Amino acid sequence: MRLAPKLVPALIVVLLASCSSPGVKPETARLAAWTTQLRDSQPEEAFAAVYNLGKAQLIFVGALHENQSDSATFRMINDAYSGFEVDVAIAEGYPTSKGANPPRLMEYAREEARNGYQEGGESVPTIAGAVQEGAQVWGGEPDDIEIKPQVLGRGFSEEDVLGYYILRVIPQWIRERRIDHAGDERLQALVDQELPRARGALALESAALPDFAAWASWYQATNSKPIAADFTMEEVGPLQNGSFRSNKIAAEVSRARDVFLHELIIGHLQAGNTVLVVFGGSHLMIQRPALDAALGLPCYTGPDLKDAPARCRRRN
């Protein structure tokens, strides 16, 4: 097993991305807008893009958020570790500020599947593979408190940010089988449990959407319908030209997240690391123009990483 690279504080990694470095620099202005047109051009299955940067490489798995251990997403993650010498793995949904190998993330390495069902989703093979490979694990998210002012600056309220942060967890609760749909009576308890955590992360007072009833009223005012079984996953999508007001809030949150992720990726590549990123497929679609501008065209794109190592041999 290879030794893990020397730990680098998250702040240094982010700062590296803004420093001058021969051949690579961030291209955040090239990040694509997430529109219905871009959404419709996204592959239906998990897919990947691989880039060469001298000895360093970037393997970006555009995941479907799945929980089945025999899914295409899980297979691609495992193939990435089999085919490439990964130094750094970046996982969706966890803050970079926790540093390398945060204990909460490392717990996923010990999670076992039950009848092929992995509660932790694609985080499990991402973290378990990194541990086996001797790679660092980093969360790929800015802190929520960093996102809030960027969304408020676009004309949304604190309650809009908080309300959306709760709304975006509903698809996860459905995937984890905590509820069957958004009209499930169990939703109220989940929302009431999540509200204090989200308020704390956003540094909001307890009076902001104090309970499920207040949140449900916000939802109805925002998307012009009551929260019910007809909720669709598209409502949490960051579609700039989406049909719901929640899409507009999501678009601002997504923009802040993708700028942060792009700079984080470039920073690790500048440090000479081979990087595996596992984020939802929409993020890879958004990142592609910026990554192409920063790194050149990928040496591989597609749904099967088994052939990628032969096409993407590193330069000595």
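For clarity, every value in this text was computed on a predicted model and none was experimentally measured. Residue indices begin at 1 and follow the sequence shown.
- H262 and A290 make their closest contact through CE1-CB, 3.5 Å (heavy atoms, listed as atom of the first residue, atom of the second, distance).
- At distances below 3.5 Å, at least one donor-acceptor pair connects side-chain atoms of R186 with backbone N or O atoms of R178.
- Interatomic distance, CE of M76 versus OG of S71, reported as 10.5 Å (0.5 Å rounding).
- Hydrophobic clustering (side-chain heavy atoms under 4.5 Å, transitive across Ile, Leu, Val, Met, Phe, Trp, Tyr) keeps V151 apart from L261.
- Side-chain heavy atoms closer than 4.5 Å link hydrophobic residues (I, L, V, M, F, W, Y) into clusters, and following such links, even through other members, never connects F74 to I59.
- Annotation: side chain of I249 is not in contact with side chain of N247 (no heavy-atom distance under 4.5 Å).
- Residues satisfying the side chain to side chain contact (heavy atoms under 4.5 Å, CB included) criterion with R114, sequence neighbours excluded, are absent altogether.
- By the ring pair (Phe, Tyr, Trp, His ring centres under 6.0 Å) test, F47 pairs with no residue at all, sequence neighbours left out.
- Counting only N and O atoms by type, the side chains of S82 and D79 include no donor and acceptor under 3.5 Å apart.
- Not counting sequence neighbours, the partners of V259 by the side chain to side chain contact (heavy atoms under 4.5 Å, CB included) test are T28, L31, R255, E263.
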Exercise for the section: Kindly indicate, with the supporting measurements, whether the criterion side-chain contact (heavy atoms from CB on, under 4.5 Å) is fulfilled by V278 and F60. Expected result: CA-CA 6 Å; V278 181; F60 198 130; over 6 Å; no
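- D258 and W34 share no side-chain donor-acceptor pair at under 3.5 Å.
- In this structure, the side chain of N223 does not engage the main chain of F244 through any donor-acceptor pair within 3.5 Å.
- Within the structure, ring-ring contact (aromatic ring centres under 6.0 Å, His included) pairs that include any residue of residues 272-307 comprise F279-H283 (at least two apart or interchain).
- Note that CG of L38 and CD1 of I286 are 7.0 Å apart. Values are rounded to the nearest 0.5 Å.
- By the 4.5 Å heavy-atom criterion applied to side chains, W215 and Q220 are not counted as neighbours.
- Interatomic distance, CZ of F212 versus OG of S217, reported as 9.5 Å (0.5 Å rounding).
- Across every non-hydrogen atom of T73 and A63, the tightest pair is CG2-CB, 3.5 Å.
- The shortest side-chain heavy-atom distance between Q188 and V191 does not fall under the 4.5 Å cut-off.
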Handout entry: side-chain contact (heavy atoms from CB on, under 4.5 Å) between E44 and L64, intermediate numbers included
Key = CA-CA 9 Å; E44 294 184 3; L64 290 184; over 6 Å; no
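- In this structure, the side chain to side chain donor-acceptor pair (under 3.5 Å) partners of K225, at least two apart in sequence or on a different chain, are Y219, E235.
- Heavy-atom minimum distance, A49 versus L284: N-CD2, 4.0 Å.
- Both I147 and V161 are assigned to one and the same hydrophobic cluster, defined by single-linkage of ILVMFWY side chains at heavy-atom distances under 4.5 Å.
- In this structure, T126 contributes its side chain and A91 its backbone to no donor-acceptor pair below 3.5 Å.
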For residues 118-125, please give each side-chain donor-acceptor pair under 3.5 Å, one per line with the distance, not counting sequence neighbours.
from, atom 1, to, atom 2, distance (Å)
Q118, NE2, E111, O, 3.3
Q118, NE2, E111, OE2, 3.4
E122, OE2, H65, ND1, 2.6

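- With contacts defined as side-chain heavy-atom distances shorter than 4.5 Å, the pair L269/Y51 does not qualify.
- Under the 3.5 Å distance criterion, the side-chain polar atoms of Y81 are left unmatched by any main-chain donor or acceptor of E133.
- Remark: the backbone N or O of G139 is paired with a side-chain donor or acceptor of T96 at under 3.5 angstrom.
- With 3.5 Å as the limit, one finds a donor-acceptor pair spanning the side chains of W138 and Q136.
- The two residues E92 and G280 have their closest heavy-atom pair at OE1-N, 2.8 Å.
- Panel note: side chain Q150, backbone A256; no donor-acceptor pair is recorded below 3.5 Å.
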Problem - Residue pair K248, E252: steps toward the side-chain contact (heavy atoms from CB on, under 4.5 Å) verdict - result: CA-CA 7 Å; K248 311 302 189 289; E252 299 305 328; over 6 Å; no
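- Within the structure, every pair that satisfies the salt bridge (charged side-chain N to carboxylate O under 4.0 Å, His left out) test and touches residues 191-205, not counting sequence neighbours, is listed here: E194-R197.
- The pair R175-E66 does not meet the salt-bridge criterion, since no charged nitrogen lies less than 4.0 angstrom from a carboxylate oxygen.
- Between Q270 and V24, the shortest heavy-atom distance links the atoms NE2-O, 3.4 Å.
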Practice task
Tell me, with the steps shown, if V275 and Q57 meet side-chain contact (heavy atoms from CB on, under 4.5 Å).
Solution key: CA-CA 6 Å; V275 181; Q57 293 176 293; over 6 Å; no
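- I145 meets the side chain to side chain contact (heavy atoms under 4.5 Å, CB included) test with D143, K148, A203; sequence neighbours excluded.
- Contact check for P210 versus L195: no side-chain heavy atoms found under the 4.5 Å cut-off.
- Here the shortest heavy-atom pairing between K98 and P102 reads CB-CB, 3.9 Å.
- Residue E146 places its CD atom among more than 12 non-hydrogen atoms of other residues, nucleotides or ligands, all under 6.0 Å distant.
- Every side chain to side chain contact (heavy atoms under 4.5 Å, CB included) that A293 has, sequence neighbours left out, goes to E27, R30.
- Although no hydrogens or angles enter the test, the distance criterion places a donor-acceptor pair under 3.5 Å between the side chain of D304 and the main chain of K306.
- Partners of E159 according to the salt bridge (charged side-chain N to carboxylate O under 4.0 Å, His left out) rule, which considers only residues two or more places apart in sequence or in another chain, do not exist here.
- We find the SG-CG distance between C312 and N52 to be 5.5 Å, quoted to the nearest 0.5 Å.
- Within the 4.5 Å cutoff, the side chain of D160 has heavy atoms near those of the R245 side chain.
- In the hydrophobic clustering of this structure, L58 does not group with L297; members are Ile, Leu, Val, Met, Phe, Trp, Tyr whose side-chain heavy atoms approach within less than 4.5 Å, directly or through other members.
- Side-chain contact between L152 and E158 is present, with heavy atoms from C-beta onward closer than 4.5 Å.
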Let me check something: any side-chain donor-acceptor pairs from residues 236-243 under 3.5 Å, sequence neighbours excluded? List them with distances.
from, atom 1, to, atom 2, distance (Å)
N241, OD1, T36, N, 3.0
N241, ND2, T36, OG1, 3.0
N241, ND2, Q37, OE1, 3.4

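- Between D87 and L276 there is no side-chain heavy-atom pair separated by less than 4.5 Å.
- Remark: I227 CD1 to D184 CG distance equals 11.5 Å, nearest 0.5 Å.
- For the atom pair CD1 (I174) and CD1 (I179), the distance works out to 4.5 Å, reported to the nearest 0.5 Å.
- For the pair R110 and Y108, the NZ or CZ position fails the cation-pi test of under 6.0 Å to the six-membered ring centre and within 45 degrees of the ring normal.
- With sequence neighbours excluded, no residue forms a salt bridge (charged side-chain N to carboxylate O under 4.0 Å, His left out) with R75.
- When hydrophobic clusters are built by joining Ile, Leu, Val, Met, Phe, Trp and Tyr residues whose side-chain heavy atoms come closer than 4.5 Å, directly or via intermediates, V253 is not grouped with L264.
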